[in-house]
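Throughout, residue positions are numbered sequentially from 1 according to the sequence presented.
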Amino acid sequence: MIKRALKVIPVPRADTQQIHKTAIGGKDIRGVIISQKKKVEAEETLILNVYQVSGKNKKDISLLFRVFCQKNDYITFEVDCNKWRTGALLYLICRDSGWSEYWWNYHQLEFLTDKDAKRVESTLRRWNHNNMEYGERVAFTLFDQYQQNVKNARLMKKHKKETDVIDADMDKFGGLPDDYQTFIEEKVFKDENYIFYDTRKKRAFCTSCKKTFILENKHLRHETIGVWNDQDDVKHNRTVRCPYCNKFLLAKSEGMGRQNLVSVAWSLLVQPHKEEVLTRYFCHTKDFRIDFHNPKITTHEGYRTVHKADKATDYMWASYKTTGNMRWCYYRDRGSSWYPPAETVAPRSVMMYNANLQEAVAGTCMKYSVPDIFIENVANDEHYFNSSWLIDNYFNSYRKYPFIEQLLKVGFYRMTRDFLKDRQSAHVNLNEGQNSILGTLGINKNQYNMLRRVGDPRLKDLEILRYKPDLKWKDFEELRWIQDVGYVDSYKNYIDLMRYTTLHKLLRYIREQKIEHAHDYFDYTGWLEKMGYDMRNEFNLFPRNFRRAHDEMSKQYMKFKDKQARENAKRFNRLLRKIRKETAEVEAMNLNIDGLFIRLPNKLEELKEEGEALHHCVGTYMEKVEKGETMIFFIRQKAAPEKPYYTLEWHGRVVQCRGFRNCEMTPEVKAFVEIFGEKMAEYENAPRKQRKAG
């Protein structure tokens, strides 16, 4: 519909007296409709002009909506706000409380004349192809039906754009292998069998081997073949060995109810389609309730995924949006709305049909993914990979990290497992886009040979070699087995101390001193380093009584830190006095506007006091300020110069300015800070010879 052409259609002359008369003729009437018919761009157009009546005795009359209707579309112009609306008239006049002036319904609307109503009725009967009789208020019923039909057509058109794309992908999925049903019966449900028995008829039936047995003294014996089981007593819900197929199955009395004897299982089929890989998940049920001799097996496909070189698209069989139409849809939540989902909704485990997965992906975008090696050597650890969507997850990982192929081909299975498990938080990043395994791991040939000597190394082994590239095999072997008890990367502490001694001496000392937590020892050596002790002197590094030396050194270190802090504070305070003296004439440092002024801290400790008073974290900036990485200013009110008000951080610009509990600036403070920023920028950008300081 062309809005420009619709908007210029003149509004019919409104007879306000007749509108008022129509409005007061009904008790709850709040709107009166005048209808028109026009040709717009050769299209028959029906127009409903909706007037609002309000005020005392309904004498206030105003044009509210103009609804333009054509056979296959409609649009509404809201006059008051000069906006176009696509909603149905019923929803426009029944909006929420924020639009209470339009809180109507169709029973509060009336046509101005019968001619207006007949014009709408006759037009909509033709458009709706409906000759049914509706009783009273036919025009409104037809109009509501018309707008609903248009909305449905719009929605179908919108949905079709999406479903056409889905259907194009679904066309790639062909038929199932000829032996898939056999696979379901013999592999998927191989353990879902029972031995049914009847004590009166003295017989039993095994659903696995389909053999009938004689029940003799509670034991099983074949009728014609010399096989029997005289060890297990056949009893309801007791496990019994079948003498023919030799499987241990649950015994079920034929006289007992079988309402719960329905087994559910899922299977997975991987198929190629040109360069794409298709994964299909099937739900199977095996029902023993009606005829346990021939249990009914049903199958339905629940999930599909199309793997391409650059992405994967997941689908599920479900109700499409709110239409109620069951079809293939984009994947929403495999668990649907149940938690935990029923097994018929989402699989808890799957059995794969493909015995040779590498053959299935040959010639596709996953041809180098070596999935069989992954499944056999990495995914067999359920602690890490206990997922029904294992294959899809692996293909997604391979697409993102193609170097996994290199790790698997050289036999680094534990490293692959560690990487896939912790790839979001892994300490070691593997290099992408490298042609060789050395480039991927970021190590040299000697380090690589050490990993190969380990056999199946972990990701931590690679971390150790990267941290100290010149590590010898004997030390590497020792470091590999050091446990991270409560601390991450403990091996780094040992390697760092190897600058002063040998790993063998370190380990022997910790063992002989019976140091329960090695980190206590590393705290001790860290204190020694910071206080400038000779780290190569074994008297310092390996004291005779570690516990006593640790406690004494702890006291010394605390005194050292206190002395260091005092010296740093004195040095910084001298620097502050120097800066204040040199910037005494700098305009930015002497702002005093509308009762606000700004100043530097008088001493470093003031930062802590400021943070405690205003409940923010400026106290933690002491080290950054001390190192000159940033500058802190205090904004004060002239009426209370000693009371913390706002704290400003400057680093070439105003980084932040916070008040009590990190509150934002008031308009007055914001204006003051803007002026300060401008003046400070002028000062810092001024030619050096003109600057008063620094």
Side chain to side chain donor-acceptor pair (under 3.5 Å) with E44: which residues, sequence neighbours excluded?
->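 Once residues adjacent in sequence are excluded, the partners of E44 under the side chain to side chain donor-acceptor pair (under 3.5 Å) criterion are K37, R126.
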
Drop me the distance from [X]'s [atom1] to [Y]'s [atom2], to the nearest 0.5 angstrom.
| X | Y | atom1 | atom2 | value |
| --- | --- | --- | --- | --- |
| L112 | S35 | CG | OG | 9.0 Å |
| Q70 | E41 | CD | CD | 9.0 Å |
| L46 | K71 | CG | NZ | 14.0 Å |

[X] bridged to [Y] by N-O distance under 4.0 Å:
| X | Y | result |
| --- | --- | --- |
| D164 | K160 | yes |
| D73 | R154 | yes |
| R137 | E110 | yes |
| E664 | R658 | yes |

Identified side-chain hydrogen bond (donor to acceptor under 3.5 Å, both in side chains) partner of H307 from the options R399, E276, H273 =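 With H307 as partner, R399, E276, H273 yield a single side-chain hydrogen bond (donor to acceptor under 3.5 Å, both in side chains), made by R399.
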
Closest approach of Q271 and G175, non-hydrogen atoms and distance?
-> NE2-O, 3.3 Å

Which heavy atom in V120 sits nearest to a heavy atom in F111, and how many Å separate them?
-> CG2-CE2, 3.7 Å

Name the orientation class of the two ring planes belonging to F282 and H284 (parallel below 30°, tilted from 30 to 60°, perpendicular beyond 60°).
-> parallel

Between W328 and Y320, is the gap from one ring center to the other below 6.0 Å?
->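 No, the ring of W328 stays outside the 6.0 Å limit from the ring of Y320, centre to centre.
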
Would you say Y330 has more than 12 foreign heavy atoms packed within less than 6.0 Å of its OH?
->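 Atom OH in Y330 is crowded, with more than 12 foreign heavy atoms closer than 6.0 Å.
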
Is it the case that more than 12 heavy atoms not belonging to K151 sit under 6.0 Å from its NZ atom?
-> yes

Sequence-distant partners of F183, ring pair (Phe, Tyr, Trp, His ring centres under 6.0 Å), two or more places apart | Y180, Y353

Ring pair (Phe, Tyr, Trp, His ring centres under 6.0 Å) partners for W84, two or more places apart =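 Here the qualifying residues are F68, F77.
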
Could you walk me through whether D310 and K308 pass the salt bridge (charged side-chain N to carboxylate O under 4.0 Å, His left out) test, one step at a time?
-> CA-CA 5 Å; D310 59 337; K308 301 179 181 179; over 6 Å; no

Give a yes or no on whether the backbone of V270 and the side-chain of N354 come within a donor-acceptor separation of less than 3.5 Å.
-> yes

Mark yes or no for whether S388, through its side chain, and R348, through its backbone, hold a donor-acceptor pair below 3.5 Å.
-> yes

Identified ring pair (Phe, Tyr, Trp, His ring centres under 6.0 Å) counterpart of F374 within the set Y398, F395, Y394 |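 Exactly one candidate clears the test, Y394.
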
